[in-house]
Colleague: 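So that we are looking at the same thing, I have put the structure below in structure tokens.
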Amino acid sequence: MEWGTLAGTGIGALVGVGSTLLADRVRWRRDDADRARRERRDIYVTCLTKYRLAYEDMHTAATVHRDGPHARRESAVREAFRASGCDEVRETALICAPEEMSAVIEDVYASLRELLEVFAAGEPALGTPEFEESRLRHARAVWAARAAMREELARRV
């Protein structure tokens with residue numbers, strides 16, 4: 001047997017195995033990045049959805065108990081917030097999302113907590129310009145979070 005043939009076969013085998021390993025590594029990294037992106041997207045959607053449901057439940061509680069005793073309205077609004085799961089999803093998002101997303105998640109949460117206090121106190125009254133200002137502050141925080149989340153998810157493609 002000639003050494004050239006043997007060497008060529010060995011080199012060919014090394015090149016074939018090396019290219020297969022390299023292709024597998026590239027595929028694994030791409031799949032891992034796609035999985036991580038899907039997980040972050042799911043966390044973001046869950047977070048914003050829970051925040052929205054908390055807002056709606058607090059608004060409903062404040063509306064239903066608008067003319068009742070202050071303590072009943074406050075209790076109903078605070079219970080609506082607690083039952084919403086906002087705290088849990090917020091912690092999940094803060095732990096699993098990239099650090100640069102923490103500020104936008106916290107801004108939405110802080111504006112929601114401000115609305116919690118407005119709903120619980122009954123002041124300013126629902127529908128007033130002062131209430132609308134608080135509601136719009138929350139809406140702007142949500143829109144900013146959506147934009148940041150979209151950008152973050154697109155950036156890591």
Side-chain angles (χ1 to χ4, degrees), residues 12-66 72-124 126-157:
L14 287 174
V15 168
V17 168
S19 64
T20 299
L21 290 174
L22 180 62
D24 284 348
R25 175 71 176 160
V26 167
R27 187 177 314 112
W28 175 81
R29 288 184 73 186
R30 184 187 64 233
D31 291 348
D32 190 50
D34 288 344
R35 181 192 51 74
R37 188 178 309 104
R38 281 191 308 273
E39 286 175 0
R40 286 192 317 275
R41 184 194 64 220
D42 291 346
I43 289 168
Y44 296 157
V45 168
T46 301
C47 186
L48 292 179
T49 301
K50 291 278 188 178
Y51 287 176
R52 178 64 192 172
L53 292 174
Y55 170 83
E56 291 174 4
D57 290 347
M58 290 187 307
H59 186 274
T60 299
T63 302
V64 167
H65 299 286
R66 178 187 327 213
R72 182 173 291 154
R73 180 185 57 248
E74 182 177 12
S75 176
V77 168
R78 292 188 188 287
E79 181 54 33
F81 182 81
R82 272 192 297 278
S84 71
C86 283
D87 288 325
E88 294 85 354
V89 76
R90 171 181 167 244
E91 291 302 323
T92 300
L94 292 175
I95 290 170
C96 297
E99 193 171 329
E100 65 267 14
M101 295 304 296
S102 295
V104 296
I105 292 167
E106 284 293 278
D107 286 347
V108 177
Y109 183 79
S111 67
L112 187 63
R113 292 293 301 216
E114 288 174 14
L115 282 170
L116 165 67
E117 297 305 325
V118 167
F119 286 136
E123 292 293 330
L126 302 178
T128 63
E130 294 82 10
F131 171 77
E132 287 302 312
E133 186 177 316
S134 295
R135 190 190 63 75
L136 287 174
R137 224 180 355 264
H138 176 67
R140 282 191 293 272
V142 170
W143 278 103
R146 285 181 187 136
M149 290 169 180
R150 281 190 204 106
E151 181 181 325
E152 190 271 330
L153 290 170
R155 180 176 59 238
R156 300 179 187 262
V157 173

Colleague: Could you tell me the separation between the CZ atom of Arg52 and the CG atom of Leu48, rounded to the nearest 0.5 Å?
Modeller: 11.0 Å
Colleague: How close do Leu116 and Arg78 get, counting heavy atoms only, and between which atoms?
Modeller: CD2-NH1, 3.9 Å
Colleague: With Glu130, which residues qualify under salt bridge (charged side-chain N to carboxylate O under 4.0 Å, His left out), at least two apart?
Modeller: none
Colleague: Could you pull out all residues at least two apart from Leu112 that satisfy side chain to side chain contact (heavy atoms under 4.5 Å, CB included)?
Modeller: Tyr51, Ala54, Tyr55, Met58, Phe81, Cys86, His138
Colleague: Excluding sequence neighbours, so at least two apart, what forms side chain to side chain contact (heavy atoms under 4.5 Å, CB included) with Thr63?
Modeller: His59, Arg66, Leu126
Colleague: Which residues pass the side chain to side chain contact (heavy atoms under 4.5 Å, CB included) test with Glu132, sequence neighbours left out?
Modeller: Arg135
Colleague: Distance-only criterion, 3.5 Å: show the donor-acceptor pairs between side-chain atoms of residues 141-150 and protein atoms not counting sequence neighbours.
Modeller:
none

Colleague: I'd like to know if the side chain of Ser75 and the backbone of Arg72 have a donor-acceptor N/O pair within less than 3.5 Å.
Modeller: no
Colleague: Do Thr49 and Leu53 come close enough that some side-chain heavy atom pair is under 4.5 Å?
Modeller: yes
Colleague: Rounded at 0.5 Å granularity, tell me how far CD1 in Ile43 sits from CD1 in Ile95.
Modeller: 9.5 Å
Colleague: Can you tell me how far CZ of Arg90 sits from CZ of Arg113, rounded to the nearest 0.5 angstrom?
Modeller: 8.5 Å
Colleague: Which residues satisfy the side chain to side chain contact (heavy atoms under 4.5 Å, CB included) test with Glu88, sequence neighbours excluded?
Modeller: none
Colleague: Nearest 0.5 Å, what's the CD-CD1 distance between Glu91 and Ile105?
Modeller: 10.5 Å
Colleague: Rounded to the nearest 0.5 Å, what's the gap from CD on Glu79 to CD on Glu74? Could you check?
Modeller: 12.5 Å
Colleague: Which pair of non-hydrogen atoms, one from Ser84 and one from Lys50, has the smallest distance, and what is that distance?
Modeller: O-CD, 3.1 Å
Colleague: Holding to salt bridge (charged side-chain N to carboxylate O under 4.0 Å, His left out), I want the full list of residues that pass it with Glu133, two or more places apart in sequence or in another chain.
Modeller: Arg137
Colleague: Please answer whether the main-chain N or O of Ala61 pairs with a side-chain N or O of Arg73 as donor and acceptor at a distance below 3.5 Å.
Modeller: no
Colleague: Measure the CG-OG distance between Asp107 and Ser102 for me, rounded to the nearest 0.5 Å.
Modeller: 10.5 Å
Colleague: What pair of heavy atoms forms the shortest contact from Val77 to Ala120, and how long is it?
Modeller: CG1-N, 3.8 Å
Colleague: Which residues pass the salt bridge (charged side-chain N to carboxylate O under 4.0 Å, His left out) test with Asp87, not counting sequence neighbours?
Modeller: none
